[in-house]
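First comes the structure, then the notes that go with it.
Each chain gets a letter, A, B and so on, in the order the sequences are listed, and its residues count up from 1. Only a predicted model underlies this, so the values are computations on that prediction, with no experimental measurement involved.
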Amino acid sequence: MAKRVVVGLSGGVDSSVAAYLLKQQGYEVIAVFMVNWHDKTGVLDADCPWDEDVIFAEMVARKIGIPFHVEDLSVPYKKRVIDYMFAEYEKGRTPNPDVLCNREIKFDEFIRATKKYAPDYVATGHYCKKEEFESKGRKIYRLMAGDDPAKEQSYFLCQLTQKQLAKTLFPIGHLQKSEVRKIAREQKLASAEKRDSQGICFVGKVHLPEFLQQKLESKEGNIFEIPLDSPLYRKENKKQGEVSAGQFESTIQRNASIQQENSGSAKLIEGVGSAKEFEGKRGAVGGEGERAEENARDAGSAEESEGEKVVESTEGEGSVDDIGDTGLPKEGKNERGLENSKGKGALERSECGKEPGSENLPEYPDLSELKSLSEPLRYKISDGTYVGKHRGAHFFTIGQRKGLQVGGKKEPLFVIATDVVKNRIFVGQGKSHPGLYRRGLHILTDEIHWVRHDLAMQPGEKREYMVRIRYRQDLERARLYLTEKGMYIIFEKPQRGVAAGQFAAWYDDGELIGSGVINQ
RNA sequence: UGACCCGUGGUGUAAUUGGCAACACAUCUGAUUUUGGUUCAGAAGAGUCCAGGUUCGAGCCCUGGCGGGUCAA
């Protein structure tokens, strides 16, 4: 008897083709359209709301010859995705509603809502793949990146569990987008030429400030520019020693052996050459003057600069409160040449031999070192100069360029830090401003999620993975350290725009192993 | 009060020996993108503080204002 599959049919090409392929493969396919959002406030494409999508979906279902149903999940969607989003923004973090949407809605509420059809599987049109193997009598499911690098969507599914994966099919993960369109065209599916969706899934393309302002009040605050050559960046984490190639190699072998044990597929990690990559880099570390400098800075903060007083008085805020948040440990930064090379992987990059100056890690950094590498700088007003006003620090995210409305600079300004409590934004000039980059990040223990829970790390363990901290961003080599205080991810090279609230997802040779919300 | 400097699109700057104003940032639009993060392309925007003058022609020269700054004291 044919297995039964419920496919989430959105009205777009991807899910249409997914449904078609399943049908071709002999499944009994049931199409279900999710309605998750009714409100149109702040939505840009007012002429293209979901009711058009249902029509497309229904046409496709009819064409393929499968039953079509509609499920309204807007209540849980609002509660579990939208509310979360507002809450995160309010806290000054940068949520990823789409990751949540998958975890909470498409692979949870949806599965629940379609139980009545008694499906064997649930399928979606995501560009990713599922593989499985058996270990000690138990099935283990692997979430693999989709084959089309431009459309690869595994990141959005980084919070799925084995249980969810067990019931899931991804029929189009092995295809290129162009092939999907081609199939749709050949089958004359209504959605064949429909443009790709954008914006927050289900909500659509929104005008974010307007959208957020439904819930978040806008209040005026000040923007401060931190100079490129601020003494804050001069402090290098000098404790970092060199990492020898040999050390790195051992890490790789370790990973590889884990892989072997658990999957039997004996996949070696791509980056065997990474050992080489780590050579020839010297830890460009600062001199001894670190302490003195720090002290000097703290002392200096007492006599807050003139500019600030002017500014602060308009805020009606005492400047004294700033003296409290003194300089915290500073993360290392690189010298220059920070632009993300667009090479596919670290491997190729190492070929060109010119690595940006990033320091290496000692083999076993202690907790305080991990912490200091992973902690964002806390800026004070006296660290920079007033450059303008904003309408609410929680509307901005680290790395953001647009919307600051401050001009007159030689190079664009980027947000390097926000302070929602004091409602301040700190910006830096230029794409490679050191404040934009950070070497590490931290994930709370409770937020660590292992898609491959059989590969979960133990406290005290260290491993190397390729990590992504934002959708569509290149994978970067990093070491993961699991401690009692959560996980620390230390990148080989400083990362741009590490934003709390986004998900860090770690991969091993195209497989998504685990993920977690960036705590800071 | 004396001497000097400056006053150009929203902002910061530029404009060979005088020939109808350039660049950057901001802004807007579009492309890319299931997170307004990035990136990319394009567009709009001042006739150069005001009033006179010299020139065929002045942002650039002269005179006088107004405005801002610096050094003197």
Side-chain angles (χ1 to χ4, degrees), chain A residues 8 10-15 34 36-37 42-45 50 53 77 81-82 84-86 88-89 93-103 105-106 124-128 146 148-159 177 194-213 223 225 338-340 342 385-390 394-416 418 427-433 436-437 468-474 495-503 505 517-518:
Chain A
S10 68
V13 241
D14 300 334
S15 59
M34 278 175 256
N36 288 339
W37 194 246
V43 179
L44 292 181
D45 294 334
W50 62 269
D53 296 333
Y77 183 78
V81 178
I82 300 298
Y84 144 86
M85 193 174 132
F86 280 129
E88 287 283 283
Y89 270 113
R93 312 199 344 153
T94 310
N96 191 322
D98 291 339
V99 171
L100 264 284
C101 175
N102 283 312
R103 183 180 81 189
I105 305 299
K106 291 179 189 160
T124 67
H126 283 106
Y127 283 88
C128 61
D148 186 337
K151 280 291 167 181
E152 206 284 288
Q153 285 174 321
S154 60
Y155 177 81
F156 285 122
L157 304 182
C158 67
Q159 288 277 296
K177 179 83 191 192
K194 203 152 173 281
R195 63 169 295 168
D196 291 1
S197 61
Q198 289 180 338
I200 303 166
C201 72
F202 295 117
V203 176
K205 209 169 179 177
V206 297
H207 189 258
L208 198 69
E210 195 183 318
F211 188 72
L212 290 176
Q213 276 172 35
I223 305 174
E225 179 181 348
L338 285 164
E339 69 283 348
N340 284 331
K342 44 190 82 123
T385 54
Y386 169 83
V387 290
K389 299 204 173 299
H390 65 258
H394 44 241
F395 295 125
F396 294 84
T397 185
I398 290 174
Q400 182 167 341
R401 167 179 176 174
K402 290 291 174 184
L404 282 167
Q405 297 181 300
V406 178
K409 302 294 179 180
K410 192 138 202 154
E411 291 192 82
L413 296 175
F414 293 89
V415 175
I416 59 177
T418 61
V427 297
Q429 199 175 153
K431 196 183 162 55
S432 52
H433 186 101
L436 277 171
Y437 294 83
R468 171 173 288 148
I469 56 169
R470 276 194 130 114
Y471 176 58
R472 266 171 53 86
Q473 199 143 304
D474 286 339
Q495 297 298 299
R496 185 194 156 98
V498 177
Q502 290 286 299
F503 288 83
V517 186
I518 298 170

(request) Determine the interatomic distance between P on B:rU29 and the same-named atom on B:rG36; round to the nearest Å. (result) 15 Å
(message) Expressed as a whole number of angstroms, how long is the span from A:K410:NZ to B:rU11:C1'?
(response) 14 Å
(message) Looking at every heavy atom in both A:T94 and A:A499, which two are closest together, and how far apart are they?
(response) OG1-CB, 3.9 Å
(message) Please give the distance between the P atoms of B:rU63 and B:rG68 as a whole number of Å.
(response) 22 Å
(request) Go through B:rU35, B:rU38, B:rU32 for me and flag the one nearest to the A:R472 side chain. (result) B:rU32
(request) Take atom P in B:rG19 and the same atom in B:rA26, then report the distance between them in whole Å. (result) 32 Å
(message) Looking at A:K151 and A:D14, is there a salt bridge between them, counting it only when a charged N and a carboxylate O are closer than 4.0 Å?
(response) no
(message) What's the gap between B:rU13 and B:rG7 when it is taken at their P atoms, as a whole Å value?
(response) 10 Å
(message) Strictly below 4.0 Å: does A:K151 bring a side-chain N or O up to OP1 or OP2 of B:rU33?
(response) yes
(request) May I ask you to decide if the ring planes of A:Y155 and A:Y471 are parallel, tilted or perpendicular, using 30° and 60° as cut-offs? (result) tilted
(message) If I take atom NZ in residue A:K431 and atom P in nucleotide B:rG37, what distance separates them, rounded to the nearest angstrom?
(response) 14 Å
(message) Please find the pair of heavy atoms, one from A:C101 and one from A:V81, that lie closest to each other, and give the distance.
(response) CA-CG2, 3.8 Å
(message) Please name the nucleotide paired to B:rG37 by Watson-Crick or G-U wobble geometry with both distances under 3.5 Å, or report none.
(response) none
(request) Pick base, sugar-phosphate or nothing for A:G403, based on heavy-atom distances below 4.0 Å to the nucleic acid. (result) sugar-phosphate
(message) Would the base of B:rU27 count as contacting A:Q405 through its side chain, where contact means a donor and an acceptor less than 3.5 Å apart?
(response) no
(message) Which nucleotide wins on minimum distance to the side chain of A:D98, given the candidates B:rU27, B:rU35, B:rG37?
(response) B:rU35
(message) With a 3.5 Å limit on both atom pairs, tell me what B:rU63 is paired to, counting Watson-Crick and G-U wobble, or say none.
(response) B:rA51
(message) Nearest whole Å is fine: how far is B:rU38 C1' from A:Y437 OH?
(response) 10 Å
(request) If the glycosidic angle is within 90 degrees of 0 it's syn, otherwise anti, so just tell me which one B:rG47 is. (result) syn
(request) Could you work out the separation of B:rA51 and B:rA14 based on their P atoms and round it to a whole Å? (result) 25 Å
(message) Within the 4.0 Å heavy-atom criterion, would you say A:Q153 contacts the bases, only the backbone, or no part of the nucleic acid?
(response) base
(request) State the pairing partner of B:rG2; accept Watson-Crick or G-U wobble contacts with both distances under 3.5 Å, and report none otherwise. (result) B:rC71
(message) Checking contacts here: which listed nucleotide (B:rU34, B:rG37, B:rA26) is nearest the side-chain heavy atoms of A:K106?
(response) B:rU34
(message) To the nearest 0.5 Å, what is the distance between CZ on A:F503 and CZ on A:F156?
(response) 11.0 Å
(message) Rounding to an integer number of Å, can you tell me how far A:F414 CZ sits from B:rC25 C1'?
(response) 11 Å
(request) Check the distance between B:rG37's P and A:Q495's CD and give it to me in whole angstrom. (result) 18 Å
(message) With rounding to the nearest 0.5 angstrom, report the CD to CD distance, A:Q429 to A:E411.
(response) 6.0 Å
(request) Check the distance between B:rC40's C1' and A:K402's NZ and give it to me in whole angstrom. (result) 11 Å
(message) Give me the distance, rounded to whole Å, that separates B:rC50 from B:rA44 when you measure between the P atoms they each carry.
(response) 25 Å
(request) Examine B:rA26: is either OP1 or OP2 under 4.0 Å from a nitrogen or oxygen in the side chain of A:R401? Give yes or no. (result) yes
(message) If you assign each of A:D196 and A:E411 to its closest nucleotide in RNA chain B, which residue comes earlier from the 5' end?
(response) A:E411
(message) Rounded to whole Å, please give me the gap between CD in A:E88 and P in B:rG37.
(response) 16 Å
(request) Among the candidates B:rU34, B:rC25, B:rG37, find the nucleotide nearest to the side-chain atoms of A:F156. (result) B:rU34
(request) Can you tell me the pairing partner of B:rA15 across any strand shown, Watson-Crick or G-U wobble, with both distances under 3.5 angstrom? (result) none
(message) Taking B:rC23 as the reference, what is the distance to B:rC4 when you measure between their P atoms (whole Å, please)?
(response) 36 Å
(request) Using a heavy-atom cut-off of under 4.0 Å over every strand shown, decide if A:G399 touches base, sugar-phosphate, or nothing. (result) sugar-phosphate
(request) Specify the residue among A:G407 and A:G125 whose closest nucleotide of RNA chain B lies further upstream toward the 5′ end. (result) A:G407
(message) Below the 4.0 Å mark, does B:rU33 have OP1 or OP2 next to a side-chain nitrogen or oxygen of A:Y471?
(response) no
(request) To the nearest 0.5 angstrom, please state how far the CD atom of A:E152 sits from the CZ atom of A:R472. (result) 11.0 Å
(message) Looking at A:F414, I'd like to know if the NZ or CZ of A:R496 sits under 6.0 Å from its six-membered ring centre while staying within 45 degrees of the ring's axis.
(response) yes
(message) When the P atoms of B:rU27 and B:rU70 are compared, how many Å lie between them, rounded to an integer?
(response) 32 Å
(request) Starting from P on B:rU11, measure out to CD on A:Q429 and report it in whole angstrom. (result) 17 Å
(message) Checking contacts here: which listed nucleotide (B:rC25, B:rU39, B:rU35) is nearest the side-chain heavy atoms of A:K409?
(response) B:rC25
